[in-house]
Amino acid sequence: MSRFKIVRFWNSAAVAAFVTGAIFATTAVRADPLALVHPDRLLPQGFPSAATSADEANPSELTPNLRRQLIDYSTREAPGTIIIDTANTQLYLVLGGGKAIRYGIGVGRDGFTWSGVKTIERKVEWPDWFPPAEMLARQPYLPRFVAGGPGNPLGARALYLGGTVYRIHGTNDPSTIGKHVSSGCIRMLNTDVSDLYARVSIGTKVIVQGGRMDRFVTQQNAMQPREKLAVNSGRARGLN
């Protein structure tokens with residue numbers, strides 16, 4: 001067999017194997033959307049990803065208070081409400097009957113924490129990321145666009161909070177869970193944000209309880225940083 005024919009043969013075999021794997025993965029997801037398929041194993045197009053996620057080992061490495069778990073939780077809020085405890089880096093999904101699911105989160109660093117009552121206005125799987133102009137001014141080395149996928153800073157899912165520039169989203173850096181590091185958004189493990197995403201709908205009430213140095217976000221001031229409101233320092237807000 002000539003060298004040319006050998007190359008053609010292996011190229012054809014590789015394409016066939018790729019297509020077969022893609023069909024298998026897509027069929028499995030469609031057949032059972034809640035199947036135990038790790039979100040980082042699938043790209044937005046449904047093709048298997050060669051990348052492995054740090055999420056897989058991370059939950060067991062988190063302190064117990066940051067691991068996803070069912071807990072006793074007393075509140076007057078209706079089942080389905082999301083309550084975010086910024087100071088303690090925890091998010092609660094109220095189930096009713098004195099129960100809630102608790103998740104560990106990453107929150108805004110000093111100067112970027114906030115509080116308020118919002119609703120989820122949009123849900124996106126594997127969102128694209130466009131760093132805002134203010135963030136690029138602070139960090140000009142950032143890319144201007146990152147397509148949705150395992151390497152995206154927004155992770156596997158994003159829940160957009162109405163009247164603000166903030167989101168509850170996944171992360172490609174699980175080590176930030178439990179820390180005050182973001183520009184105001186709420187970060188979760190990709191496995192956790194995927195779980196939350198499947199449990200809530202558009203219109204879900206979100207209560208953000210502030211921590212130290214927080215500000216209350218309203219429809220009018222959502223686009224302004226706390227520093228501008230307090231001391232007019234000109235420091236701009238970010239999105240993630």
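Values below: all heavy atoms of this structure, side chains included; hydrogens, waters and symmetry mates excluded. Sequential numbering from 1 along the given sequence is applied to the chain's residues.
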*Leu161 side, atom CG; Cys185 side, atom SG - distance, nearest 0.5 Å*: 7.5 Å
*Are Arg167 and Ile186 close enough that some pair of their side-chain heavy atoms sits under 4.5 Å apart?*
no
_Main-chain N/O of Gly178 paired with Gln90 side-chain donor or acceptor, under 3.5 Å_ = no
_Stepwise side chain to side chain contact (heavy atoms under 4.5 Å, CB included) check, Thr81 with Ile207_ = CA-CA 8 Å; Thr81 302; Ile207 301 172; 4.1 Å; yes
*asked:* Let me confirm one number: the CD1-CG distance from Ile105 to Leu196, rounded to the nearest 0.5 Å.
replied: 10.5 Å
*Has the side chain of Thr119 got a donor or acceptor atom that lies under 3.5 Å from a matching backbone atom of Gly203?*
no
_Straight-line distance of Thr176 OG1 to Met188 CE, nearest 0.5 Å_ = 12.0 Å
*What are the two closest non-hydrogen atoms of Trp126 and Gly155, and how far apart are they?*
CE3-O, 3.6 Å
_Minimum side-chain heavy-atom gap Tyr73-Ile83 below 4.5 Å_ = yes
*What's the shortest heavy-atom distance between Leu189 and Pro174, and which atoms?*
CD2-CB, 3.6 Å
*Please round to the nearest 0.5 Å and tell me the distance separating atom CD1 of Ile168 and atom CG of Leu154.*
13.0 Å
*Please list, chain by chain and in numerical order, all residues satisfying side-chain hydrogen bond (donor to acceptor under 3.5 Å, both in side chains) with Arg68, sequence neighbours excluded.*
Asp192
*asked:* Any heavy-atom pair between the side chains of Leu95 and Ile101 that's under 4.5 Å?
replied: yes
*Within the side chain of Asn152, is there an N or O that forms a donor-acceptor pair under 3.5 Å with the backbone of Ala147?*
yes
_Donor-acceptor check, side chain of Thr113 to backbone of Asp110, threshold 3.5 angstrom: yes or no?_
no
_Nearest heavy-atom neighbours spanning Arg109 and Ser183_ = NH1-OG, 3.3 Å
*Judged by atom type as modelled, is there a donor-acceptor pair below 3.5 Å linking the side chain of Trp114 to the main-chain atoms of Gly184?*
yes
*Is Val94 linked to Ile71 within one hydrophobic cluster, defined over Ile, Leu, Val, Met, Phe, Trp and Tyr using a side-chain heavy-atom separation of less than 4.5 Å?*
yes
*Backbone N/O of Asn190 and side chain of Ser194: donor-acceptor pair under 3.5 Å*: yes
_For the backbone of Leu62 and the side chain of Arg67, can you confirm whether one donor and one acceptor N or O come within less than 3.5 Å of each other?_
yes
*State the CG-CG distance between Leu91 and Leu66, to the nearest 0.5 angstrom.*
12.0 Å
*Which one of Thr89, Thr191, Asp195 satisfies the side-chain hydrogen bond (donor to acceptor under 3.5 Å, both in side chains) criterion with Tyr103?*
Asp195
*Side chains of Val124 and Arg157: does their closest heavy-atom pair fall under 4.5 Å?*
no
*Find out whether Ile82 and Val200 are in side-chain contact, i.e. whether some heavy atom of one side chain is under 4.5 Å from a heavy atom of the other.*
yes
_Heavy-atom pair of closest approach, residues Tyr160 and Pro127_ = OH-CB, 3.9 Å
_Between Arg144 (side chain only) and Leu142 (backbone N and O only), is there a donor and an acceptor less than 3.5 Å apart?_
yes
*Can you tell if the side chain of Thr171 reaches within under 4.5 Å of the side chain of Pro153, non-hydrogen atoms only?*
no
*asked:* Once rounded to the nearest 0.5 Å, what's the spacing between atom CZ of Arg187 and atom CG of Asn172?
replied: 8.5 Å
*Indicate the ring-plane relationship of Phe130 and Phe145, choosing parallel, tilted or perpendicular according to the 30° and 60° boundaries.*
tilted
*Looking at Pro143 and Trp129, what are the two nearest heavy atoms and their distance?*
CG-CZ3, 4.4 Å
*asked:* Minimum heavy-atom separation for Leu159 and Ile120, please, with both atom names.
replied: CD1-CD1, 4.1 Å
*Using a distance-only test with no angle check, is there a side-chain donor-acceptor pair under 3.5 angstrom linking Thr63 and Asn65?*
yes
